[in-house]
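All figures in this text were calculated on a predicted structure; none of them were measured in a lab.
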Amino acid sequence: MSLYNFVQNLRFNDVPQHTRYLVSTSLLDIIGVLAGAKNNQTTENIRNYAADHYAASSMSCRLLFDGREVNPMGAAWAGGFSADSLDAHEGHFTSKGHAGATVVPALLALADACRDQGRDISGEEFLSAVTVAYETGLRAGVALMDTAAEYHASGAFSGLGVVCGGARLLRMNEEQFLHALGIAEYFGPRCPMMRLVDFPSMLRDAHGAGAYAGVNALLMAQAGITGAPAETVAGDNISHCWNDLGSRWEIDAQYFKPWPVCRWAQPALTAVTAMMAQYPKITAANTEAVKVETFHESMRLQGHFPANADEAQYGLAFPLAALISRGQVGPNEVTGEAIQAEDILQVSRLIEITEADDLSVRFPQEILSRVTIQLKDGTSLTSPVTQAKGDPETAMTQVEFRAKFRLLASVNFSEQRISEIISAVDDLEHANDCNQLFNQLMNP
């Protein structure tokens with residue numbers, strides 16, 4: 001199947017049932033992240049930036065959980081940054097990146113812009129576009145990993161997924177679509193990811209940049225701007241990344257995060273969660289020392305005393321300390337006043353993070369950690385080598401997904417609003433338009 005035919009002709013109902021479940025779950029998961037991030041400093045800054053510099057024009061949409069009207073490029077910037085500011089969105093092993101935090105905010109902006117111009121997008125059509133965007137964005141990430149040695153953040157490739165899903169919503173012809181792909185790739189940000197691991201900031205995984213690059217490319221192609229062929233799509237050397245499009249689904253290999261912290265910290269949190277469930281005497285007051293043995297990249301996170309929310313979420317020690325201290329890790333543990341909270345910092349001082357050679361050699365195929373907790377009564381407890389919760393092999397249940405959604409969204413919204421958002425996503429496949437969902441997402 002050609003890429004253009006896949007983009008324009010895929011029907012959500014024809015996608016395998018498990019894959020449809022993952023798409024709908026991913027959509028709800030990203031919306032939960034956006035809801036949890038609604039009032040954090042990054043989101044407030046980027047929304048104001050978009051409102052100041054991307055005023056609504058001939059094409060306008062609303063800022064998520066805000067309502068101000070802006071150009072879709074500004075909404076893409078803002079939505080991608082906001083989703084990226086709370087590090088709880090899903091990810092993908094082979095691309096070493098993420099698609100949803102880019103493509104979902106961008107497609108919401110484009111679908112709302114279509115509504116503004118008098119053309120409602122059906123729920124099934126929107127879910128089809130989201131499926132297209134996820135699948136092509138992830139494949140573009142795999143192709144980039146296969147052709148460029150440097151570890152790129154997700155924004156370096158995810159804009160291509162925005163082009164594919166957006167071309168579906170905008171009903172682009174094939175010539176415009178191919179130019180948009182080329183523009184998005186050519187103008188795609190470089191995004192050297194390890195720089196942000198070593199120096200955390202609001203730039204994060206560059207989802208805002210990817211969302212902007214994709215929407216910008218679509219609008220430029222509509223205006224008649226031409227682009228060079230997209231090498232990560234059209235190159236003979238990466239045909240293996242695309243030749244089974246429509247018969248195999250990259251989204252099936254996604255993982256999901258129970259906690260809003262870096263993926264590489266998740267195995268240690270998974271291990272300690274299991275240990276605390278098995279040994280109730282593991283508490284902050286009873287803990288003498290904690291040793292985390294992990295792979296090299298995870299060891300580099302450290303993060304014992306973060307200066308801000310970005311450092312807290314790109315660290316390992318601080319969120320692990322929050323888990324031991326408070327029994328959970330949600331927005332209230334890794335943003336705002338929690339960054340200086342003495343109950344968390346006190347435990348963080350007890351944590352040692354070291355590289356384990358036996359775990360480093362298994363990365364990136366496996367992401368693993370092992371944790372030893374020394375209690376004040378002399379008890380020493382060591383976890384098995386632990387894989388993160390939320391991998392396809394350790395999948396979260398629907399009950400766990402809904403609990404995560406509520407944990408994230410409850411910092412900003414009432415239970416009634418949370419239930420209405422969940423209902424809107426659940427009903428979307430059979431909805432004649434997206435208005436029920438937009439009524440929940442486009443208002444403060």
Side-chain angles (χ1 to χ4, degrees), residues 27 30-31 34-35 37-39 42-85 101-123 125-127 129-130 133 155 158-159 161-173 176-177 179-180 183-184 187 207-225 421 424 428 431-444:
L27 175 61
I30 295 297
I31 291 171
L34 289 161
K38 174 182 181 289
N39 291 323
T42 298
T43 298
E44 291 184 359
N45 290 354
I46 197 66
R47 282 199 308 242
N48 290 334
Y49 165 83
D52 288 344
H53 298 288
Y54 289 90
S57 57
S58 60
M59 193 175 193
S60 69
C61 61
R62 292 165 288 179
L63 289 170
L64 292 167
F65 295 125
D66 180 285
R68 283 177 286 179
E69 292 193 355
V70 297
N71 184 280
M73 289 187 290
W77 267 122
F81 257 90
S82 182
D84 213 1
S85 69
T102 296
V103 303
V104 169
L107 294 189
L108 286 170
L110 290 170
D112 194 42
C114 290
R115 177 210 56 82
D116 182 68
Q117 294 185 335
R119 182 169 68 86
D120 284 328
I121 305 295
S122 72
E125 180 73 356
F126 184 73
L127 287 169
V130 171
S158 54
V162 173
V163 166
C164 291
R168 171 66 170 265
L169 295 178
L170 298 178
R171 298 174 177 173
M172 275 189 157
N173 63 44
Q176 288 177 319
F177 167 65
H179 284 308
I183 294 167
F187 287 153
H207 288 288
Y212 172 86
V215 172
N216 176 62
L218 288 164
L219 300 184
M220 291 186 76
Q222 279 191 326
I225 306 299
I421 295 172
L428 189 59
N432 291 327
D433 54 49
C434 295
N435 291 339
Q436 180 187 1
L437 180 62
F438 286 172
N439 287 340
Q440 298 301 324
L441 303 189
M442 304 301 178
N443 292 306

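Taking both residues in full, the closest heavy atoms of Ser57 and Asn71 are given as OG-ND2, 3.3 Å, listed atom of the first, atom of the second, then distance. Summarising the geometry of Thr43 relative to Ser82, their closest heavy-atom pair is OG1-OG, 2.9 Å, with the distance given to 0.1 Å. Scanning all heavy atoms of the two residues, the minimum distance from Leu34 to Gly79 falls at CD2-O, 3.6 Å. Here the closest non-hydrogen pair linking Met172 and Leu218 is CE-O, 3.1 Å. The two residues Gln222 and Gln176 make their nearest non-hydrogen contact at CA-NE2, 3.8 Å. Heavy-atom minimum distance, Gly210 versus Val162: O-CG2, 4.3 Å.
Crowding of Asn443 atom CG: a count of heavy atoms from other residues, nucleotides or ligands under 6.0 Å exceeding 12.
For the side-chain contact (heavy atoms from CB on, under 4.5 Å) test, residues two or more places apart in sequence or in another chain that qualify with Ala111 are Ile121, Phe126, Leu169, Phe438. The salt bridge (Lys or Arg N to Asp or Glu O under 4.0 Å) search around Asp66 returns Arg47, Arg68, not counting sequence neighbours.
In this structure, NE2 in His179 is found 12.0 Å from CE in Met220, a value given to the nearest 0.5 Å. Put simply, OG on Ser60 and CD on Gln117 are 8.0 Å apart, with the number rounded to the nearest 0.5 Å. Distance check, rounded to the nearest 0.5 Å: CE of Met59 to SG of Cys114 gives 5.5 Å. Cys434 contributes atom SG, which lies 9.0 Å from atom CE of Met442 (distance to the nearest 0.5 angstrom). Atoms CG and SG, from Asp116 and Cys61 in turn, are 8.5 Å apart once rounded to the nearest 0.5 Å. Put simply, CG on Asn48 and NE2 on His53 are 10.0 Å apart, with the number rounded to the nearest 0.5 Å.
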With side chain to side chain contact (heavy atoms under 4.5 Å, CB included) as the test, would you mind laying out the steps for Val215 and Leu110 before giving the verdict? CA-CA 8 Å; Val215 172; Leu110 290 170; 4.3 Å; yes

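Using modelled atom types and a 3.5 Å distance limit, the side chains of Thr102 and Ser158 yield a donor-acceptor pair.
For the ring pair (Phe, Tyr, Trp, His ring centres under 6.0 Å) with Tyr212, the qualifying choice from Phe187, Trp77, Phe81 is Trp77, the only one to do so.
No donor-acceptor distance shorter than 3.5 angstrom exists from the side chain of Ser85 to the backbone of Ala37, with no hydrogens or angles considered. Between the side chain of Asp112 and the backbone N or O of Leu108, no donor-acceptor pair lies under 3.5 Å.
By the 4.5 Å heavy-atom criterion applied to side chains, Pro72 and Tyr54 are not counted as neighbours. With a 4.5 Å cut-off on side-chain heavy atoms, Ile31 and Leu27 count as touching.
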